[in-house]
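Each remark here refers to the structure printed beneath this line.
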Amino acid sequence: MSDNTKFKDYFDSTLATLLATDISAVYPEFNSDAFVERVYNEVGSLELKDRVAAIAAALRTFLPDDYPTALQILLSTLGDELQKEEGMFEQGYHLMPVAYFVEVYGLDHVEQSVPALYKITKRFSSEFAVRPYLEQDTDAMLKILEKWATDDNPHVRRLVSDGTRTRLPWATRLTIFIED
């Protein structure tokens, strides 16, 4: 990553090309050209979170309609886990739209989505994506996060601490914890 480039500017057609290449390797039916073109046409004037949302929406359009199938395709592109505590923004940033995909489209598929967030966060972060799951079923998610809090992977432990912060920057507030 360059010191002169704004973080949001990494979420463009170059990132879409990277994702398309990875997806096409495991799902040859993926329409890479149309996906990249859509991202190129949509993200130019957008800020970071809107760029991430646009890329995730394009993924939803060009992957199979069946969410569990689409999710398995995305999970097969994750690559190696990060071995150190640092590196997620340099090495795993391209997974931010994948985490957002799970955040937005996976709430009706908790049994597939929550383990996916666990896998994603070992490579980037799911601290934003876990929040709707906490809101949807607080008790069940707190039991899962309690186990994750002692995970060997520091990125998983960070997900627990940052994912449960009531006022995490750039994230929706966790009103369930503010009110109680």
*Taking all non-hydrogen atoms of both residues into account, name the closest pair between Phe35 and Ile55 and its distance.*
CE1-O, 4.0 Å
_Side chains of Leu15 and Pro97, heavy atoms from C-beta outward: is any pair under 4.5 Å?_
yes
*Give the intermediate values and the outcome of side-chain contact (heavy atoms from CB on, under 4.5 Å) for residues Val114 and Met141.*
CA-CA 9 Å; Val114 171; Met141 281 306 300; 3.7 Å; yes
*For the atom pair CG (Asp162) and OG (Ser126), what is the distance rounded to the nearest 0.5 Å?*
11.5 Å
*Is there a path of hydrophobic side-chain contacts, each under 4.5 Å between heavy atoms of I, L, V, M, F, W or Y residues, that connects Leu59 with Val104?*
yes
*Angle class for the Tyr67/Phe101 ring planes (parallel below 30°, perpendicular above 60°, tilted otherwise)?*
parallel
*So how far is it from Leu74 CG to Asp22 CG, rounded to the nearest 0.5 Å?*
10.5 Å
*Distance under 6.0 Å and angle within 45° of ring axis: Lys147 vs Tyr118*: no
*Would you check if Gln136 and Val110 make a side-chain contact, meaning some heavy-atom pair closer than 4.5 Å?*
yes
*Starting at NE2 of His94, measure out to CE of Met96 and round the result to the nearest 0.5 Å.*
13.0 Å
*asked:* Checking Phe124 against Tyr93 for the ring pair (Phe, Tyr, Trp, His ring centres under 6.0 Å) test, could you report, in this order, the C-alpha distance in whole Å, the side-chain angles of both residues, the deciding distance, and whether it holds?
replied: CA-CA 6 Å; Phe124 178 65; Tyr93 74 94; 8.1 Å; no
*asked:* For the CG atom of Asp66 and the NE2 atom of His109, what is their distance to the nearest 0.5 Å?
replied: 7.0 Å
*Tell me, do Tyr40 and Thr14 make a side-chain contact under 4.5 Å, heavy atoms counted?*
no
*Just how far is it from atom CD of Glu37 to atom OG of Ser32, taken to the nearest 0.5 Å?*
12.5 Å
*Identify the heavy atoms of Val102 and Tyr133 that sit nearest to each other, and give their distance.*
O-OH, 2.6 Å
*Mind checking whether Phe30 and Ile73 have side chains closer than 4.5 Å, heavy atoms only?*
no
*Under the ring pair (Phe, Tyr, Trp, His ring centres under 6.0 Å) rule, what do Phe128 and Tyr100 come out as? Steps first, then yes or no, please.*
CA-CA 8 Å; Phe128 301 123; Tyr100 189 80; 9.4 Å; no
*For the side chain of Arg51 and the backbone of Leu46, is there at least one donor-acceptor N/O pair under 3.5 Å apart?*
yes
_Of Glu127, Arg123, Lys122, the residue whose pairing with Ser125 passes side-chain hydrogen bond (donor to acceptor under 3.5 Å, both in side chains)_ = Glu127
*Closest heavy-atom contact between Val43 and Phe11?*
CG2-O, 3.7 Å
*Taking only Lys NZ, Arg NE, NH1 and NH2, and the carboxylate oxygens of Asp or Glu, determine whether Glu42 and Arg38 approach each other closer than 4.0 Å.*
yes
*Do any N or O atoms from the side chain of Arg157 and from the backbone of Asp152 form a donor-acceptor pair under 3.5 angstrom?*
yes
*asked:* So which atom in Ala99 and which in Ala129 form the shortest heavy-atom distance, rounded to 0.1 Å?
replied: O-CB, 3.4 Å
_Before you tell me yes or no, could you show the steps for Asp12 and Val39 under side-chain contact (heavy atoms from CB on, under 4.5 Å), namely the whole-Å CA-CA distance, both residues' side-chain angles and the distance that decides it to 0.1 Å?_
CA-CA 7 Å; Asp12 61 3; Val39 170; 5.8 Å; no
*Check whether any side-chain heavy atom of Asp9 sits under 4.5 Å from a side-chain heavy atom of Lys6, and report yes or no.*
yes
*Any side-chain heavy-atom pair from Leu95 and Leu78 closer than 4.5 angstrom?*
yes
*Considering residues, nucleotides and ligands other than Glu146, do more than 12 of their heavy atoms fall under 6.0 Å from its CD?*
no
_Hydrophobic cluster identity match, Val26 and Val98, side-chain contacts under 4.5 Å_ = yes
_Value rounded to 0.5 Å, distance of CG in Leu142 from OG1 in Thr164_ = 8.0 Å
_Any heavy-atom pair between the side chains of Leu63 and Leu71 that's under 4.5 Å?_
no
*Any donor and acceptor pair, going by atom type alone, linking the side chain of Arg60 with main-chain N or O of Ala56 inside 3.5 Å?*
no
*asked:* Any non-hydrogen side-chain atom of Arg158 less than 4.5 Å from a side-chain atom of Thr121?
replied: yes
_So which atom in Leu134 and which in Gly163 form the shortest heavy-atom distance, rounded to 0.1 Å?_
CD1-O, 3.6 Å
